[in-house]
Amino acid sequence: MIATVRPFDLEPDGVQPPYDFPAYTSTQKRAPKRAPIHVAHSLSEITGPSFGANWSEPIASDLTHQGKGEPLGERIIVEGRVIDGDGRPLRGTLLELWQANAAGRYVHKRDQHDAPLDPNFLGAGHAITDDDGGFRFLTIKPGAYPWRNSHNAWRPAHIHFSVFGAGFASRLITQMYFPGDPLLALDPIYNSIPDAGARERLISRYDPELSQAEYALGYRFDIVLRGPRSTPLENRT
Ligand SMILES: [Fe+2]
């Protein structure tokens, strides 16, 4: 019997950002100038760790109850699936999230933006995807924040996501944006992705069905790991 190996679905050109994008100034320093050196992965790097459904507490995906009181800002639900190019779910994967607070400030010593910290908001959480590849976070809509890429540059509101994958060597990172943000057209990180359709896949979709009456607005965001509908990623090699 001859086994048939189906090749991976290749994504079209223009989905992934280049390493060096001059308008995003720090890429000029960190883009590799030499060909990569192949370093073989060890077994432990490609086979683990793995996460069971009980690995994470449900509270880890609720960023609105990390302090003594509730954080300030617009409460949002972010729900979606992590899937491959054929729509198959990535089950039991660790999905991590980090973001600024409603005023556009991170809890990080290097963030010196002149905006208030919120004692009730840490801005980090995680979830393990369910059997359908699904995840759900309750959080606060992040604010825009200035960065020193150029004079008067502001990052559009965004949430960082990390997909852990099957092991340490397969972690992928991306950013989710919000519909209708006027800063998107000016943002060099967002615009470093050449393909317009790929850029739009980084924008979450407002979903009135997901919104919870009198409580929170709902946004949907799927992360597609491969194929023609794949999500642009920051650290793909
Ligand atoms: Fe950020």
Side-chain angles (χ1 to χ4, degrees), residues 17-31 60-67 69-80 95-127 135 137-163 171-193 198-206 216-221 223 231-235:
Y19 289 117
D20 189 354
F21 189 71
Y24 178 7
T25 52
S26 56
T27 65
Q28 296 174 42
K29 287 185 178 173
R30 67 172 177 237
S61 59
D62 179 357
L63 282 72
T64 67
H65 290 93
Q66 295 179 327
E70 291 218 57
L72 295 173
E74 186 180 307
R75 225 184 263 120
I76 61 170
I77 296 159
V78 180
E79 192 173 289
L95 192 63
E96 296 169 286
L97 160 162
W98 63 100
Q99 62 167 98
N101 68 20
R105 179 90 186 260
Y106 285 98
V107 181
H108 193 283
K109 62 185 177 190
R110 288 192 61 185
D111 187 344
Q112 297 300 313
H113 173 30
D114 180 18
L117 287 167
D118 184 337
N120 293 312
F121 192 72
L122 298 176
H126 63 259
F135 62 87
F137 289 96
L138 178 62
T139 183
I140 295 293
K141 187 174 181 185
Y145 59 81
W147 61 315
R148 293 177 179 159
N149 185 68
S150 61
H151 175 66
N152 207 12
W154 293 77
R155 294 288 341 273
H158 61 276
I159 295 178
H160 298 267
F161 278 102
S162 156
V163 184
R171 188 180 183 216
L172 298 170
I173 295 170
T174 191
Q175 295 184 32
M176 178 196 109
Y177 299 94
F178 291 86
D181 191 329
L183 295 171
L184 284 169
L186 304 168
D187 183 55
I189 296 183
Y190 177 73
N191 288 294
S192 68
I193 298 152
R199 288 198 296 274
E200 284 173 19
R201 292 199 289 278
L202 293 181
I203 302 175
S204 56
R205 180 170 60 84
Y206 176 65
L217 295 166
Y219 290 89
R220 287 202 178 276
F221 184 63
I223 297 174
T231 304
L233 301 157
E234 295 177 2
N235 62 334

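When a residue number appears, it is its place in the shown sequence, counting from 1. Every value quoted in this text rests on a predicted model; they were computed, and no experiment measured them. Heavy atoms only: backbone and side chains are in, while hydrogens, waters and symmetry mates are out.
- For the pair Ser61 (side chain) and His126 (backbone), a donor-acceptor distance under 3.5 Å is absent.
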> Would Asp187 and Trp147 count as a side chain to side chain contact (heavy atoms under 4.5 Å, CB included) if you check the C-alpha gap in whole Å, the side-chain angles of each, and the deciding distance to 0.1 Å?
Replying inline: CA-CA 11 Å; Asp187 183 55; Trp147 61 315; 3.9 Å; yes
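- Side-chain N or O atoms of Asn120 include none that pairs as donor or acceptor with a backbone N or O of Gly67 at under 3.5 Å.
- Residue pairs meeting the side chain to side chain donor-acceptor pair (under 3.5 Å) criterion with at least one partner in residues 101-118, sequence neighbours excluded, are Tyr106-Tyr145, Tyr106-His158, Tyr106-His160.
- Proximity of a side-chain donor or acceptor of Gln28 to a complementary backbone N or O of Pro22 within less than 3.5 Å is detected.
- Looking at residues two or more places apart in sequence or on another chain, you find a side-chain contact (heavy atoms from CB on, under 4.5 Å) between Thr27 and Asp20, Phe21, Tyr24, Arg30.
- Remark: the backbone N or O of Phe221 is not paired with any side-chain donor or acceptor of Ser204 at under 3.5 angstrom.
- By the salt bridge (Lys or Arg N to Asp or Glu O under 4.0 Å) test, Glu74 pairs with no residue at all, sequence neighbours left out.
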> Hey, mind stepping through Leu217 and Lys141 against side chain to side chain contact (heavy atoms under 4.5 Å, CB included) and telling me if it holds?
Replying inline: CA-CA 9 Å; Leu217 295 166; Lys141 187 174 181 185; over 6 Å; no
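- Remark: Tyr219 engages Phe178, Tyr206 in a ring-ring contact (aromatic ring centres under 6.0 Å, His included) (not counting sequence neighbours).
- In terms of the side-chain contact (heavy atoms from CB on, under 4.5 Å) criterion, residue partners of Asp181 (sequence neighbours excluded) are, by chain and number, Pro156, Ala157, Leu183, Leu184.
- With Gln66 contributing its side chain and Ala124 its backbone, the two residues share a donor-acceptor pair below 3.5 Å.
- Arg205 pairs by the salt bridge (Lys or Arg N to Asp or Glu O under 4.0 Å) definition with nothing, not counting sequence neighbours.
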